[in-house]
Number of protein chains: 2
Amino acid sequence: MKNITIGEAARKSGVKVPTIRYYEGIGLLREPSRSEGNQRSYEPADLNRLTFIRHARELGFEVEAIRTLLSLQDNPLQPCATADAIAKARLIEVEQRIRSLMALKAELEMMVEGCGHGRVDQCRVIEVLADHAQCTHHGH
Amino acid sequence: MKNITIGEAARKSGVKVPTIRYYEGIGLLREPSRSEGNQRSYEPADLNRLTFIRHARELGFEVEAIRTLLSLQDNPLQPCATADAIAKARLIEVEQRIRSLMALKAELEMMVEGCGHGRVDQCRVIEVLADHAQCTHHGH
DNA sequence: TCTTGCACCTCTAGCCACTAGAGGATGTAG
DNA sequence: CTACATCCTCTAGTGGCTAGAGGTGCAAGA
C-alpha cells in the first residue's frame with residue numbers, strides 16, 4: 001500500500017493538517033483507516049478529494065456547495081445541471097463582488113488622493129466617512 | 001432634547017438594533033444615557049458616529065481600523081497620516097481582491113462555458129475542480 | 001536500549017462581525 | 001385596560017477555520 005500520513009497529505013494537497021481533520025469532522029472527507037498507533041492513513045483517492053476541495057475553496061465555493069459537487073463527482077452518470085448551476089451562481093456572485101469592489105476602489109482612491117497630509121480636521125478620508133453625502137457612490 | 005430610541009437610531013443610520021448594541025459592547029459607540037425605564041436614548045452626535053461606522057464598514061474597514069479612525073475624528077488637530085495610511089492599506093487590499101476575483105471569474109467562465117449540459121462524467125465544472133492542472137490560472 | 005524530538009492524537013476554545021432566540025419589561029394607541 | 005410593538009439582558013450560533021493544552025507514536029542517533 002502507498003498510504004500516507006496526515007502530514008504528507010497536507011503537504012501534497014496544500015490543505016493544512018487541522019483543516020483536514022476539520023473536513024473529516026464535517027463529513028466532507030471520509031474517515032480514513034488508522035494505523036496500529038491510531039494514526040490516520042490516507043489513500044491516493046483521499047488525496048484527490050482533498051485537492052478537489054482545496055481548489056473549490058480557492059474558487060470561493062462554500063462547504064455546502066462543495067459537498068454537492070463531491071457527491072456529483074461520486075455519481076458520474078447523473079446530469080451535470082446541478083454542477084453547472086452551482087458554478088453559474090458562484091460566477092454571478094463573483095461578478096457582483098467585483099462590481100462592488102470597483103465602486104469601493106473608486107471611493108477609496110478619491111479619499112486617498114484628496115488627503116493633503118495635513119491635519120485630521122482637513123482630512124478627506126475622515127470627511128468622506130463622516131459625511132456620506134460626499135461620496136460619489138450612492139449605491140450603498 | 002431630541003434624543004431618540006435605539007429603533008429610531010437604527011432606522012436613521014441603517015445599522016440594525018442588535019448591531020448597535022454590539023458596537024456599544026465592543027466600545028465603538030459610547031454607552032448612551034437611559035430613559036427612566038432603562039431604555040437607551042441617543043443624541044444626534046451618536047447618530048453621526050453610527051453613520052460614520054456604517055459607511056466605514058461598507059468600505060470594508062475592520063472594526064479595529066474604525067476604532068482608530070473614530071479616535072482620529074475625535075482629535076481633529078492631529079496629523080492625518082494615520083487615517084491616510086489606513087485608507088491606503090484598505091485600497092491595496094481591495095485592489096488585490098479585485099485582481100484575485102478577476103482570475104476566479106475567468107476560471108469560472110471557462111468551467112461554465114465548457115459545460116455541455118451532459119452527464120457529470122463529461123462535465124467541465126467537475127473536471128476542472130478535480131484536475132487543477134487544467135486551470136489557466138496557476139497563481140493559486 | 002535509551003532518549004530526543006517531531007509528528008500525531010483528542011478536545012476545547014477562540015477568531016470576526018454579527019445574528020437569532022429566549023424570556024421578560026416598557027411604552028403607546030385605541 | 002388591553003393589545004402589541006419595541007425595548008431589555010443574556011446566551012449561543014454562524015462559517016471556516018486556527019490555536020493551544022495535554023498526551024501518545026515513531027524513527028533516528030548515541
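We name chains A, B, ... by the order of the sequence lines, and we start the count at 1 in each one. Not measured: the values here are computed from a predicted model.
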Q) B/N38 or B/E64: which one's nearest nucleotide on DNA chain C is closer to the 5' end? A)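 Result of the comparison: B/E64.
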Q) With nearest nucleotides of DNA chain C determined for B/G37 and B/F61 from heavy-atom distances, which residue corresponds to the more 5′ nucleotide? A)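 The residue whose closest nucleotide sits nearer the 5' end is B/F61.
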(Q) Please report the distance, rounded to the nearest Å, between CD1 in A/I53 and P in D/dG15. (A)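 For the pair A/I53 CD1 and D/dG15 P, the rounded distance is 17 Å.
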Q: Return the value, rounded to whole Å, for the distance between atom CZ of A/R67 and atom P of D/dG15.
A: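 Rounded to the whole Å, the gap is 10 Å.
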With a cut-off of less than 4.0 Å, is there a side-chain N or O of [X] near OP1 or OP2 of [N]?
X     : N      : result
B/S35 : C/dG27 : yes
B/R21 : D/dC8  : yes
A/T19 : D/dG16 : no
A/R40 : C/dC8  : no
B/R34 : D/dC7  : no
A/K16 : D/dT18 : yes
B/Y23 : C/dC18 : yes

(Q) I need the minimum non-hydrogen distance between A/P44 and A/K2, along with the two atoms involved. (A)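 It is CG-CE, 4.0 Å.
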(Q) Looking at every non-hydrogen atom in both residues, tell me the closest pair between B/V125 and A/A83 and how far apart they are. (A)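 Heavy atoms only, the tightest pair is CG1-O, 3.9 Å.
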Q) Of the candidate nucleotides C/dC18, C/dC8, D/dC8, which contains the atom at the shortest distance from the side chain of B/Q39? A)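 Closest of the options to the side chain of B/Q39: D/dC8.
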Q.
Side chain of B/V63 only, heavy atoms from C-beta on: which candidate in C/dT26, D/dT18, C/dA17 is closest?
A.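 Comparing C/dT26, D/dT18, C/dA17 against the side chain of B/V63, the answer is C/dA17.
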Q) What nucleic acid atoms does A/E62 come within less than 4.0 Å of, heavy atoms only: base, sugar-phosphate, or nothing? A)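 Counting heavy atoms under 4.0 Å across all strands, the contact made by A/E62 is with sugar-phosphate only.
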Q) What is the nucleic acid contact for A/I6, judged by heavy atoms within less than 4.0 Å: base, sugar-phosphate only, or nothing? A)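 Sugar-phosphate only.
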Q: Return the angle between end axes of the helix from C/dT1-D/dA30 to C/dG30-D/dC1, with five pairs used per end and rounding to 10°.
A: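 Computed from the C1' atoms at both ends, the axes differ by 10°.
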Q) Would you say the side-chain atoms of B/N75 pair up with the backbone N or O of B/S71, donor to acceptor, closer than 3.5 Å? A)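 Here the side-chain-to-backbone pair exists.
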